[in-house]
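Notes for the one structure printed next.
Hydrogens, waters and symmetry mates are skipped; everything else that's a heavy atom, side chains included, is used.
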Amino acid sequence: MQMARWSKQRPLICFASQPKRSLPDLYRLLGVSASSSKAEIRAAYISKIKVMHPDVSADDDATEDAVALNAAYTALMEQHVDYDEEDDLLDVFDITEAEPDLLFINPFGCQVDPLRWQELQDYAQSAPDGWLLEDHLLAAGLSITSSAVAWLTPAQLLTVQKELERMEEQFSFETTAWWLSDVLMRARVTNSRMSRAGANR
């Protein structure tokens with residue numbers, strides 16, 4: 001099956017090779033303080049990435065700046081502890097209720113029409129035994145980055161599916177793209193923490 005590309009959308013940025021920065025540098029980059037809540041850090045990140053992302057910024061350093069911002073956000077969210085949990089409004093992407101073993105492919109991260117998100121999920125699930133997921137997607141002409149692939153819990157996947165169904169009704173592509181970028185990053189942080197905790201038992 002050949003999946004049509006969506007030429008207006010670039011793959012999500014991969015930041016695995018970003019050099020480490022000190023905590024003060026990370027807070028400064030996001031424009032928040034060490035006393036900021038996760039909700040405030042998240043809001044600052046979304047505000048900045050909307051103008052720094054290579055898709056919208058004409059700056060020659062836009063990709064490098066966005067990579068640094070993504071790395072700072074991930075690092076702060078992973079180590080940050082809120083002393084007032086009620087102020088943080090934790091949800092299914094911040095607290096896991098089960099093993100994150102359900103595959104989800106972000107349609108905004110592999111250049112397909114986002115309205116074909118369900119078709120994309122079905123195709124990803126149909127990989128033949130012994131095939132790597134990346135090879136299966138490449139066979140359909142899909143170019144993705146590792147950040148487009150997520151393993152979610154049932155509650156997380158259900159929430160993502162409901163949001164994508166809302167997108168189908170409202171054609172809210174940009175809002176949904178930013179929302180997905182945020183919640184999938186939070187899910188990776190939370191789910192990796194759960195995996196590490198399980199491995200230490």
Side-chain angles (χ1 to χ4, degrees), residues 1-18 42 45-46 48-57 62-71 73-74 77 92-93 100-192 195:
M1 180 181 85
Q2 185 73 18
M3 298 290 297
R5 294 180 184 280
W6 187 42
S7 59
K8 293 182 180 178
Q9 194 71 28
R10 297 183 185 176
L12 296 181
I13 296 168
C14 180
F15 48 86
S17 62
Q18 188 68 11
R42 192 155 48 241
Y45 164 77
I46 292 174
K48 285 182 175 289
I49 197 65
K50 281 185 177 181
V51 297
M52 293 172 63
H53 196 283
D55 282 341
V56 296
S57 174
T63 298
E64 183 178 339
D65 292 344
V67 166
L69 189 70
N70 275 329
Y73 174 66
T74 300
M77 291 296 282
V92 295
F93 299 102
D101 56 4
L102 300 176
L103 175 64
F104 175 76
I105 308 294
N106 185 351
F108 295 97
C110 52
Q111 297 180 309
V112 299
D113 181 342
L115 292 175
R116 299 180 69 186
W117 67 270
Q118 185 60 66
E119 185 180 349
L120 174 63
Q121 310 312 311
D122 293 342
Y123 180 76
Q125 296 284 352
S126 70
D129 290 341
W131 275 53
L132 293 175
L133 175 62
E134 292 79 3
D135 292 339
H136 181 56
L137 294 173
L138 283 173
L142 292 172
S143 176
I144 67 169
T145 64
S146 58
S147 58
V149 179
W151 293 93
L152 305 177
T153 68
Q156 291 168 347
L157 183 60
L158 180 61
T159 304
V160 165
Q161 290 172 335
K162 286 181 178 179
E163 185 63 27
L164 287 168
E165 288 168 358
R166 187 178 299 115
M167 175 196 71
E168 291 177 327
E169 297 173 358
Q170 302 175 357
F171 293 93
S172 52
F173 300 117
E174 183 177 352
T175 301
T176 303
W178 293 121
W179 181 85
L180 267 179
S181 179
D182 173 52
V183 299
L184 293 182
M185 185 176 296
R186 287 160 54 198
R188 287 187 188 96
V189 170
T190 302
N191 296 344
S192 66
S195 298

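Pairs of residues two or more places apart, or lying in two chains, that qualify as ring-ring contact (aromatic ring centres under 6.0 Å, His included) and include a residue from residues 126-150 are Tyr123-His136. The salt bridge (charged side-chain N to carboxylate O under 4.0 Å, His left out) analysis of residues 126-151, with sequence neighbours excluded, yields no pairs. Legend: salt bridge (charged side-chain N to carboxylate O under 4.0 Å, His left out) pairs involving residues 150-163, not counting sequence neighbours, sorted by first then second residue: Glu163-Arg166. The salt bridge (charged side-chain N to carboxylate O under 4.0 Å, His left out) pairs that include a residue from residues 142-160 number zero, where partners must be two or more places apart or lie in different chains.
Distance alone, capped at 3.5 Å, places no donor-acceptor pair between the Gln121 side chain and the Phe104 backbone. Side-chain atoms of Asn191 come within 3.5 Å of backbone atoms of Trp151 as a donor-acceptor pair (strictly under, hydrogens ignored).
With sequence neighbours left out, Tyr45 forms a ring-ring contact (aromatic ring centres under 6.0 Å, His included) with Tyr73. Residues passing the side chain to side chain contact (heavy atoms under 4.5 Å, CB included) test with Ala150 are Leu152, Leu184, Arg188, sequence neighbours excluded. Gln125 meets the side chain to side chain contact (heavy atoms under 4.5 Å, CB included) test with Leu103; sequence neighbours excluded. Scored by the side chain to side chain donor-acceptor pair (under 3.5 Å) test, Glu168 finds Trp117 as partners (sequence neighbours excluded). Scored by the side chain to side chain contact (heavy atoms under 4.5 Å, CB included) test, Thr175 finds Ser172 as partners (sequence neighbours excluded). With sequence neighbours excluded, the residues forming a side chain to side chain contact (heavy atoms under 4.5 Å, CB included) with Thr159 are Val92, Phe93, Trp179, listed by chain and number. Scored by the salt bridge (charged side-chain N to carboxylate O under 4.0 Å, His left out) test, Glu165 finds no partners at all (sequence neighbours excluded).
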Determine, stepwise, if the pair Leu142 / Leu120 fulfils side chain to side chain contact (heavy atoms under 4.5 Å, CB included).
CA-CA 10 Å; Leu142 292 172; Leu120 174 63; 3.6 Å; yes
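Looking at heavy atoms from C-beta onward, Ile105 lies in side-chain contact with Cys110 at the 4.5 angstrom threshold. At a threshold of 4.5 Å between non-hydrogen side-chain atoms, the residues Asp182 and Ile49 do not count as touching.
Taken from CG in Leu133 to CD1 in Ile144, the straight-line distance is 5.5 Å, to the nearest 0.5 Å. Residue Met185 holds its CE atom at 11.5 Å from CZ of Arg42, rounded to the nearest 0.5 Å. Annotation: the span from Ile46 atom CD1 to Ser181 atom OG amounts to 8.0 Å, rounded to 0.5 Å. Atoms OG and CG, on Ser147 and Asn70 in that order, are 8.5 Å from each other to the nearest 0.5 Å. Atom CG of Leu157 is separated from atom CG of Leu102 by 5.5 Å, given to the nearest 0.5 angstrom.
When all heavy atoms of Pro114 and Pro107 are compared, the pair lying nearest together is CA-CB, 4.1 Å.
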